[in-house]
2 protein chains.
Amino acid sequence: MKHRDDESTAELPAVCKACDVRHGGICQTMSPLQLRELNRHTKRKAIEPGAEVHCQGEPVVSYANVIKGVVKLTKVMADGRQQIVGLQFVPDFIGHPFLKENSLSAEAATEAEICAVSKSALDRMVAATPDLERHLHSQAQAELEEARSWMLTLGRMSAREKVASLLCLVSTHCDPKVDHSLDFELPLSRQDIGDFLGLTIETVSRQITKLRQERLIKVENNRHVTILDLRRLRQAACLGT
Amino acid sequence: MKHRDDESTAELPAVCKACDVRHGGICQTMSPLQLRELNRHTKRKAIEPGAEVHCQGEPVVSYANVIKGVVKLTKVMADGRQQIVGLQFVPDFIGHPFLKENSLSAEAATEAEICAVSKSALDRMVAATPDLERHLHSQAQAELEEARSWMLTLGRMSAREKVASLLCLVSTHCDPKVDHSLDFELPLSRQDIGDFLGLTIETVSRQITKLRQERLIKVENNRHVTILDLRRLRQAACLGT
DNA sequence: CGATGTCTTGAAGCAGTTCAACCAGGGTGG
DNA sequence: CCACCCTGGTTGAACTGCTTCAAGACATCG
């Protein structure tokens, strides 16, 4: 490794300068020099809702960072039954270090943008940058914690509690800048919500209608949600007061 | 770091010499010197079924390695509903790096033994040993994958499929030496199985009875299971042929 | 031997599914 | 510009798989 360049003054790649997540995600652990190195192997992509980032069963060839929008991670069974097993928001990392083959599909839930990196390039940098490995490890632990919390939701909650939980989850994740948005666009269709909660689309719809009738939430145009009574919504989601 | 000792010939701690998992788990990434260092902060403990390794909500003070038996990871809700979110077999690692507070309880499911390490000591070694961080990261990814597979099970499978899945899971994990045991002791009570599958104890019992009547399995003394027809059991668990 | 904890079995109830009809918004084309 | 359809969401009614509640079987242990 050459250290001739003074890392602190090295030019940042143009794409990175303009990037919202420059100071979040894996990028925050990298020096300008490293970003320049990495940048030779990255490609920004805009993806439409429903478009795949990668597909269950295919070999792992690249990783990605979510720059805009929401990406859903799904698993499908041979007979077509489907389960969403994670939602990646800005600036989360997508991909499976250590795995040869993708164990799930990643698909845009909304209009989205990603910054894709080739596996080999990132793997090389991870090996050389303990901070980077540490960051990925830390995100993996966070995702593990989320997945396990969701197992409790899937295994033990009623439909009403599940739907309330989802609304709380989205409200705490959709805007990286604030803790709890009370007003947001749902990144998921009713079908997606069902696939996330292990419910049918009809049950989801009925529960949303109920929450609306009880004035816990307001819904406009099917997608736009306003939380009217956060305390009671959190209670309905078994999150205490 | 002093490198005066020749690491390769340095004496292994006595406990480690006799330890079955010396060449598995996190220990495999450490030199004899490091093991001696670590050993000053570890303590082997035997734990009875039901005894806690650590408890949801308490501060993280130590990690542990499973040396013998099975440890279940559980989450409980305020009203007492409970979900098992993971099973740790030999030689898995238990604990939450990066977290201040335990987000779940770890409790022995069977007679078990663990090797406990103080958080501060291990954190220090992790920071100094990239291989160790890498190993923990790799296990976290593997657990994440298991958790997500289980989300599919919890969200989309029928009671019969869930029970068959659990039997397959145990058969592939209970003996670290073989791929697939056809004959094993269930590490879980009916109640535990229910808490793992998101079912009631009665439903679990009925499904086991059915699998027994269909000659997919044999059950003796409630706990001892023999798989009679692995192909059909895997089919019932939606694992293909 | 009764006593206790764990598991099984049965019958009734209900939450969530299934199936089907309906509704609202948004193109498209005649 | 209205008739048409098409997609995504809602609502209703019947059904079913799992739960609930209650009783019985079985093993283990003082």
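In this text the structure is predicted, and so the values were computed from the model without any measurement. Chain A is the first sequence line, chain B the second, and so forth, proteins listed ahead of strands; every chain is numbered from 1.
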Quickly work out the [X] [atom1] to [N] [atom2] distance and round it to whole Å.
X	N	atom1	atom2	answer
B:Gln191	D:dT19	CD	C1'	13 Å
B:Asp195	C:dT6	CG	P	13 Å
B:Glu220	C:dC7	CD	C1'	16 Å
B:Asp192	C:dG5	CG	P	17 Å
A:Gln207	D:dG9	CD	P	16 Å
A:Ile193	D:dG8	CD1	P	14 Å
A:Arg156	C:dG16	CZ	P	14 Å
A:Leu197	C:dA15	CG	P	18 Å

Could you list, one pair per line, each protein nitrogen or oxygen that sits under 3.5 Å from a nitrogen or oxygen of nucleotides 8-12 of chain C, together with the distance?
residue	atom	partner	partner atom	Å
C:dT8	OP1	B:Arg190	NH2	3.3
C:dT8	OP2	B:Arg190	NE	2.8
C:dT8	OP2	B:Ser205	OG	2.7
C:dT8	O5'	B:Ser205	OG	3.0
C:dT9	OP2	B:Thr209	OG1	2.8
C:dG10	N7	B:Arg206	NH1	2.9
C:dG10	O6	B:Arg206	NH2	3.3
C:dA11	N6	B:Arg206	NH2	3.4

### Task
Tell me what B:Gly194 touches on the nucleic acid: a base, only sugar-phosphate, or nothing, going by heavy atoms under 4.0 Å.
nothing
### Query
Can you list the steps and then say if A:Glu145 with A:Gln141 is a side-chain hydrogen bond (donor to acceptor under 3.5 Å, both in side chains)?
CA-CA 6 Å; A:Glu145 173 52 27; A:Gln141 288 285 351; over 6 Å; no
Does a side-chain heavy-atom distance below 4.5 Å link [X] with [Y]?
X	Y	value
A:Ile94	A:His54	yes
A:Gln207	A:Leu199	no
B:Glu52	B:Ile47	no
A:Leu197	A:Leu166	yes

### Task
Would you give the length of the straight line joining atom CG of A:Leu186 to atom CG of A:Leu167, rounded to the nearest 0.5 angstrom?
6.5 Å
### Query
Hey, what do you get for CG (A:Asp195) to CD (A:Gln83), rounding to the nearest 0.5 Å?
7.0 Å
In a table with atom names and distances, give each donor-acceptor pair under 3.5 Å that connects a side chain of residues 61-73 of chain B to protein atoms at least two apart or in another chain.
residue	atom	partner	partner atom	Å
B:Tyr63	OH	B:Lys119	NZ	3.2
B:Tyr63	OH	B:Asp123	OD1	2.9
B:Lys72	NZ	B:Glu107	OE2	3.4
B:Lys72	NZ	B:Asp192	OD1	2.7
B:Lys72	NZ	B:Asp192	OD2	3.3

### Which residue lies more 5' along DNA chain C, comparing B:Leu188 with A:Arg160 via nearest heavy atoms
B:Leu188
### Message
Strictly below 4.0 Å: does A:Thr200 bring a side-chain N or O up to OP1 or OP2 of C:dT17?
### Response
yes
### Message
Of the options C:dC7, C:dG16, D:dC18, whose atoms approach the side-chain atoms of B:Arg223 most closely?
### Response
C:dC7
### Message
Using 30° and 60° as the class boundaries, would you call the ring planes of A:His173 and A:Phe89 parallel, tilted or perpendicular?
### Response
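Plane angle between 30° and 60°, so tilted.
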### Query
What one-letter contact string describes nucleotides 23-30 of chain D from 5' to 3', where B marks a base within less than 4.0 Å of any protein heavy atom, S marks contact via sugar-phosphate atoms alone, and - marks no contact?
--------
